[in-house]
Amino acid sequence: MALKTTTWKDRNIDNLQLTKTFAVKKGITHPVIINFGPGGSVRFLAKYLLHGPSAERDTRARIIRFFESLLRKTGLFPLITNEPEEIVRIFSSLLPKKLLVYDREKKVIMAVNDLVAAKIIDIPVEAEIIDLLEGPVASEADIVIALNIVSRTNDKERALNHIISSVRVGGLVCINIDEPPAGFIKLGQCLFERVN
């Protein structure tokens, strides 16, 4: 299965920083963090992607995505993933207990394990292949990051329900939706708190 998205360094930096700000305000420490679908990019092409949000980056990403799509179909090229490392870096002051990473693509999970092996991530990490349409994960977390996921699924409501079921009461979910799901309140763009 080929990935359907290209990701780049600091793609979601604003959302991650907003989530951290609210986690600090809520007094969350030693959180368990779940990262759904961190995405990836073909390792040797990743260096051509610009960091952070910008119009030039978006144009360049569209061009690279075309080539990546062709290369991914071959199954021959390793991927790199950035989001797990960014999460650990941004939330480091909260002293995360562990990071759970779930993706439906085996090569993304392999890329996460590469980050751990290279000691780029220095907290306990569990990475597992999961298809959100098949069912929820067994874990609950204080902070759940699920950016650019729901819109790419065939059953958006099912995927959303499986994601939000992993958020503990009082926990935060950073997800690309507009309205808070039942049992959540909106704190900011893409950020919601579970209240029951």
Side-chain angles (χ1 to χ4, degrees), residues 5-41 46 49-58 61 80-103 108 112 115 120-123 125 127 132 136-137 139-153 156-157 159-196:
T5 186
T6 299
T7 191
W8 49 86
K9 285 190 177 190
D10 297 328
R11 177 182 186 185
N12 297 308
I13 196 77
D14 294 342
N15 290 323
L16 296 176
Q17 289 175 336
L18 178 66
T19 304
K20 181 197 174 183
T21 298
F22 275 92
V24 169
K25 286 180 183 177
K26 288 182 50 56
I28 295 175
T29 58
H30 306 292
V32 171
I33 303 173
I34 292 178
N35 181 203
F36 284 107
S41 51
L49 291 164
L50 300 176
H51 293 213
S54 74
E56 182 184 351
R57 194 251 18 255
D58 291 343
I80 188 168
T81 187
N82 300 301
E83 199 167 87
E85 181 276 327
E86 292 165 0
I87 288 169
V88 170
R89 175 174 36 90
I90 289 167
F91 291 94
S92 64
S93 66
L94 302 181
L95 305 172
K97 191 179 298 181
K98 67 180 171 180
L99 174 65
L100 307 170
V101 182
Y102 300 111
D103 199 286
V108 170
V112 172
L115 292 172
I120 293 169
I121 295 179
D122 60 355
I123 66 169
V125 175
L132 280 171
V137 297
S139 306
E140 283 190 338
D142 306 289
I143 299 170
V144 174
I145 309 296
L147 294 164
N148 310 303
I149 305 298
V150 173
S151 63
R152 296 190 335 254
T153 64
K156 293 170 182 44
E157 184 176 344
L160 175 61
N161 287 336
H162 290 162
I163 290 167
I164 63 174
S165 71
S166 67
V167 183
R168 291 184 179 141
V169 174
L172 304 174
V173 62
C174 182
I175 187 168
N176 304 88
I177 58 174
D178 294 322
E179 298 301 319
F184 286 77
I185 59 170
K186 187 169 186 171
L187 300 177
Q189 182 162 341
C190 300
L191 185 60
F192 305 87
E193 177 184 358
R194 184 167 196 166
V195 292
N196 61 41

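Remember, predicted model here, so these are calculated numbers, not experimental data.
- Scored by the ring-ring contact (aromatic ring centres under 6.0 Å, His included) test, Y102 finds F36 as partners (sequence neighbours excluded).
- If you run side chain to side chain contact (heavy atoms under 4.5 Å, CB included) between P84 and each of D103, V125, L99, only L99 comes through.
- In terms of the side chain to side chain contact (heavy atoms under 4.5 Å, CB included) criterion, residue partners of Q17 (sequence neighbours excluded) are, by chain and number, I13, D14, I90.
- Under the rule for a side chain to side chain contact (heavy atoms under 4.5 Å, CB included), the partners of K98 that lie at least two apart in sequence or sit in another chain are V32, L100, P124, E126.
- Here the CG-CD distance, from N35 to E83, works out to 4.5 Å after rounding to the nearest 0.5 Å.
- Legend: residues meeting side chain to side chain contact (heavy atoms under 4.5 Å, CB included) with L18, ordered by chain and number and at least two apart, are F22, L191.
- Using a 4.5 Å heavy-atom threshold, the side chains of L147 and C174 count as touching.
- Among all heavy-atom pairs drawn from P96 and I123, the shortest one is CB-CD1, 3.7 Å.
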Intermediate values then yes/no, side chain to side chain contact (heavy atoms under 4.5 Å, CB included), T29 and L95: CA-CA 6 Å; T29 58; L95 305 172; over 6 Å; no
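- Annotation: side-chain hydrogen bond (donor to acceptor under 3.5 Å, both in side chains) contacts of S151 (sequence neighbours excluded): none.
- Residue pairs meeting the side-chain hydrogen bond (donor to acceptor under 3.5 Å, both in side chains) criterion with at least one member in residues 162-172, sequence neighbours excluded: D142-R168.
- The minimum heavy-atom distance linking G39 with T81 is given by the pair O-OG1, 2.7 Å.
- Scanning all heavy atoms of the two residues, the minimum distance from V101 to P38 falls at CG1-CG, 3.7 Å.
- T153 has its side chain out of reach of L132: every pair of non-hydrogen atoms, C-beta onward, lies at least 4.5 Å apart.
- Within the structure, every pair that satisfies the salt bridge (Lys or Arg N to Asp or Glu O under 4.0 Å) test and touches residues 187-196, not counting sequence neighbours, is listed here: K26-E193.
- No side-chain heavy atom of V150 sits under 4.5 Å from any side-chain heavy atom of N176.
- Side chains of I87 and L16 form a contact here, defined as non-hydrogen atoms less than 4.5 Å apart.
- Residues I164 and P181 share a closest heavy-atom pair of CD1-CB, 3.6 Å.
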Test side chain to side chain contact (heavy atoms under 4.5 Å, CB included) applied to I175 and L160, step by step: CA-CA 9 Å; I175 187 168; L160 175 61; 3.5 Å; yes
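- Across all their heavy atoms, V195 and F184 have their closest contact at CG2-N, 4.2 Å.
- Within the 4.5 Å cutoff, side-chain heavy atoms of I177 are placed close to those of F192.
- Counting heavy atoms from C-beta outward, K20 and S93 have side chains that approach closer than 4.5 Å.
- Within the structure, side-chain hydrogen bond (donor to acceptor under 3.5 Å, both in side chains) contacts touching residues 178-191 (residues at least two apart or in different chains) do not occur.
- With sequence neighbours left out, the side chain to side chain contact (heavy atoms under 4.5 Å, CB included) criterion links E157 to D155, N161.
- Atom CD1 of I33 sits about 10.0 Å away from atom OG1 of T19, to the nearest 0.5 Å.
- Across every non-hydrogen atom of I34 and V137, the tightest pair is CD1-CG2, 4.4 Å.
- When the salt bridge (Lys or Arg N to Asp or Glu O under 4.0 Å) test is applied to E85, the partners found at least two apart in sequence or on another chain are R89.
- The side-chain heavy atoms of L94 and V24, taken from C-beta on, include a pair separated by under 4.5 Å.
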